[in-house]
Amino acid sequence: MNLLVTGGSGFIGSNFIRYLLTETDFNGRIINVDCLTYAGNPENLSDIEAHFSDRYVFVKEDICHQEEMAKIFDYYSIDVICHFAAESHVDRSIAAPDAFVQTNIFGTYTLLELARKRMHHIKRFHHISTDEVYGSLGKSGYFSETSPYQPTSPYSASKAASDHLVRAYFHTYGLPVTLSNCSNNYGPYQFPEKLIPLMILNALAGKPLPVYGDGRNIRDWLYVRDHSAALWTILENGEIGETYNIGGNCELENIRLVEQICEIIDNLETLQFNTPRKDLITFVTDRPGHDRRYAIDASKIKADLKWAPKTPIEQGLRETIGWYINNQEWVNRVISGEYRSWIEQHYNF
Ligand code: NAD
Ligand code: DAU
């Protein structure tokens, strides 16, 4: 298998590549194409690059560049695509939607066209999407694969558009696609603009913990390694044309989650602090159009592909907090933007 992973230098993509090469029987080659936006950091995989030099290749390219991407498809004889590359942060999409429309919609279209033109050779196009395409839930109910699409932010609208395009290429051209819509991920290497790493780093530094609105919005949290396992299961056994919802079966109000992070950090003996960290919680102006509740019904992937989340939130949070504490250098370099100079030195970009 010559597996094209787009966006493999971001949070989930880099965890997925690491998982595939170190924890599964995958024996093919990975071609990671990433244009390295602020969220892409090839340092996430520098050890992988060194240890798997015969089976892992990094190519810096923008998925929207059709001619360059065509060369990559042909040169590496790509037969399977796992498409992560996206602008992924809701707050950024509210401030500046352009890049979301470009990468998430036009970038996905570009890849679909390249795959369609090589239909004889392409075995699978897997599209990674989000539960946010379904909009917001009330107090009860769950998102299933047949829930109507009701995206509410420029981010979720752009992901919804990309999902529709992927399905259209299956129905119209017979492109062998699968899709997955996943709930909120957390774990190592997550860029500290997202709730969990932001709260961990601010709590460790004794800085304010900004909670939007009343803090009662609910997300369904999934450890990123469990997401990687689900994706590999779909790639191996998922049925062509099907969509699989992936969730953590772990609904939490934001405020409870932040308090839990504070308690874990307070209880780490090595990190004594003079006041309980939850005193750092600061309620701030709400995100415009903030979706109230997400919760995934993952019964289809459980029944059909025997996948279920394995990591309880307490364990996942402990591992994640431990990772951020033990990888202070990564954190400092990401926060200071210094990893940009590493990119220049290492890749001569
Ligand atoms: P991320 O922002 O951490 O990483 C995105 C990666 O894509 C980065 O490495 C970036 O450089 C790259 N990229 C962006 N634009 C590109 C372009 N035009 N060409 C090539 N590369 C480009 O995102 P993430 O959190 O790892 O999310 C990965 C995917 O999973 C996204 O499609 C996202 O919508 C989806 N998803 C994320 C979550 C979550 O909780 N993070 C949950 C469900 C689904
Ligand atoms: O549901 C899947 C989605 O989860 C993915 O598709 C997105 O790519 C990913 O970014 C994530 O979106 P959210 O908007 O849910 O994640 P975020 O970490 O930005 O916020 C989680 C919740 O925490 C949300 O209710 C907003 C709130 N929040 C967030 C930040 C950054 C705060 O209260 N304070 C904050 O500072």
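Each ligand, and each atom within it, is numbered from 1 in the order the structure gives.
- Taking every heavy atom of Glu193 and a limit of under 4.0 angstrom, the matching atoms of ligand 2 come to 31 (C).
- Taking any N or O of Lys159, backbone or side chain, at least one lies under 3.5 Å from an N or O belonging to ligand 1.
- Taking 4.0 Å as the cut-off between side-chain N and carboxylate O, Asp291 and Arg219 do not count as a salt-bridged pair.
- Here's the thing with Ile63: one of its N/O atoms is less than 3.5 angstrom from an N/O atom of ligand 1.
- In the vicinity of Ser129, heavy-atom distances shorter than 4.0 Å reach the ligand 1 atoms 43 (C), 44 (C).
- Contacts with ligand 1 closer than 4.0 Å are made by no heavy atom of Asn181, backbone or side chain.
- The closest heavy-atom contact to atom 33 (C) of ligand 1, among the options Tyr155, Tyr38, Phe106, Tyr294, comes from Tyr155.
- Closest non-hydrogen pair, Trp330 versus Gln190, comes out as CH2-O, 3.8 Å.
- Using a cut-off of 4.0 Å between Lys/Arg side-chain N and Asp/Glu carboxylate O, Arg333 and Glu43 are scored as salt-bridged.
- Look at Lys60 and Asp34 and you find no salt bridge, because none of the NZ, NE, NH1 or NH2 atoms lies under 4.0 Å from a carboxylate O.
- Considering backbone and side-chain N/O atoms, Thr103 comes within less than 3.5 Å of an N/O atom of ligand 1.
- Not one N or O of Ser183 is nearer than 3.5 Å to an N or O of ligand 2, by distance alone.
- Here is the list of ligand 2 atoms found below 4.0 Å of a heavy atom in His89: 19 (O).
- Ring pair Tyr244/Trp307: centre-to-centre distance not below 6.0 Å.
- Residue contact check: Leu198 has heavy atoms under 4.0 Å from atoms 36 (O) of ligand 2.
- The protein atom (non-hydrogen) at minimum distance from atom 34 (N) of ligand 2 is Pro210 O, 2.8 Å.
- At the shortest separation from atom 29 (C) of ligand 2 among protein heavy atoms lies Tyr212 CE1, 3.5 Å.
- Close contacts between ligand 2 and Tyr155 involve ligand atoms 5 (C), 6 (O), 7 (C), 8 (O) [criterion: under 4.0 Å to a heavy atom].
- The closest non-hydrogen atom to atom 5 (C) of ligand 1, taken over Ala86, Pro42, Gly13, Ser162, comes from Ala86.
- Between Glu259 and Arg277 there is no salt bridge, since no side-chain nitrogen of the basic residue lies less than 4.0 Å from a carboxylate oxygen of the acidic one.
- Checking only distances, Tyr294 never comes within under 3.5 Å of ligand 2, N or O to N or O.
- Polar contact with ligand 1: absent for Cys64 (N/O pair, distance under 3.5 Å).
- Between Lys310 and Asp226 no salt bridge is recorded (no basic side-chain N to carboxylate O distance below 4.0 Å).
- Taking the charged nitrogens against the carboxylate oxygens, Glu314 and Arg318 do have a contact shorter than 4.0 Å, which makes a salt bridge.
- Hydrophobic clustering places Phe84 together with Ile17 (ILVMFWY residues linked when any side-chain heavy atoms are closer than 4.5 Å, directly or through intermediates).
- Remark: Lys302 NZ is packed, more than 12 non-hydrogen atoms of other residues, nucleotides or ligands lying under 6.0 Å away.
- Using a 4.0 Å cut-off to heavy atoms of Thr130, the atoms of ligand 2 that qualify are 1 (O), 2 (C), 3 (C), 5 (C), 6 (O).
- Using a 4.0 Å cut-off between charged side-chain N and carboxylate O, Lys159 and Asp131 make no salt bridge.
- Considering backbone and side-chain N/O atoms, Cys182 never comes within less than 3.5 Å of an N/O atom of ligand 2.
- Of the listed options Leu222, Leu257, Asp131, Val211, Asp131 places a heavy atom closest to atom 1 (O) of ligand 2.
- For ligand 1, the polar-atom distance check against Asn41 finds no nitrogen or oxygen pair separated by under 3.5 Å.
- Between the side chains of Tyr294 and Glu251, no donor N or O sits under 3.5 Å from an acceptor N or O.
- Geometrically, ligand 1 and Cys182 share no nitrogen or oxygen pair separated by less than 3.5 Å.
- Here the protein heavy atom with the shortest distance to atom 27 (C) of ligand 2 is Asn254 ND2, 3.4 Å.
- Between the side chains of Asn217 and Asp286, no donor N or O sits under 3.5 Å from an acceptor N or O.
- Residues Glu23 and Arg225 are paired through a salt bridge, judged by an N-O separation under 4.0 Å between the basic side chain and the carboxylate.
- Remark: ligand 2 atoms within the under-4.0 Å shell around heavy atoms of His290 are 24 (C), 25 (O), 26 (C).
- Looking only at heavy atoms of the protein, atom 3 (C) of ligand 2 is closest to Glu132 OE2, 3.0 Å.
- Atom 19 (O) of ligand 2 has Arg287 NH2, 2.9 Å as its closest protein atom, hydrogens excluded (heavy atom only).
- Atom 4 (O) of ligand 2 has its closest protein heavy atom at Asn184 ND2, 3.0 Å.
- Ligand 1 does not have His89 within reach: every non-hydrogen atom of the residue lies 4.0 Å or more from it.
- Between Leu195, Ile12, Thr108, it is Ile12 that holds the heavy atom closest to atom 24 (P) of ligand 1.
- Ionic pairing of Asp74 and Arg118 is present here: one or more N-O contacts between side-chain nitrogen and carboxylate oxygen are shorter than 4.0 angstrom.
- Of all the atoms in ligand 2, the ones that sit under 4.0 Å from a non-hydrogen atom of Val90 are 14 (O).
- The pair Glu242-Lys300 counts as a salt bridge, with a side-chain nitrogen and a carboxylate oxygen less than 4.0 angstrom apart.
- Every N/O-N/O distance between His83 and ligand 1 stays at or above 3.5 Å.
- Any N or O atom pair closer than 3.5 Å counts here, and His227 shares no such pair with ligand 1.
- Closest to atom 22 (C) of ligand 1 among all protein heavy atoms lies Cys35 SG, 3.6 Å.
- Each of the following atoms of ligand 2 lies closer than 4.0 Å to a heavy atom of Lys194: 10 (O), 18 (O).
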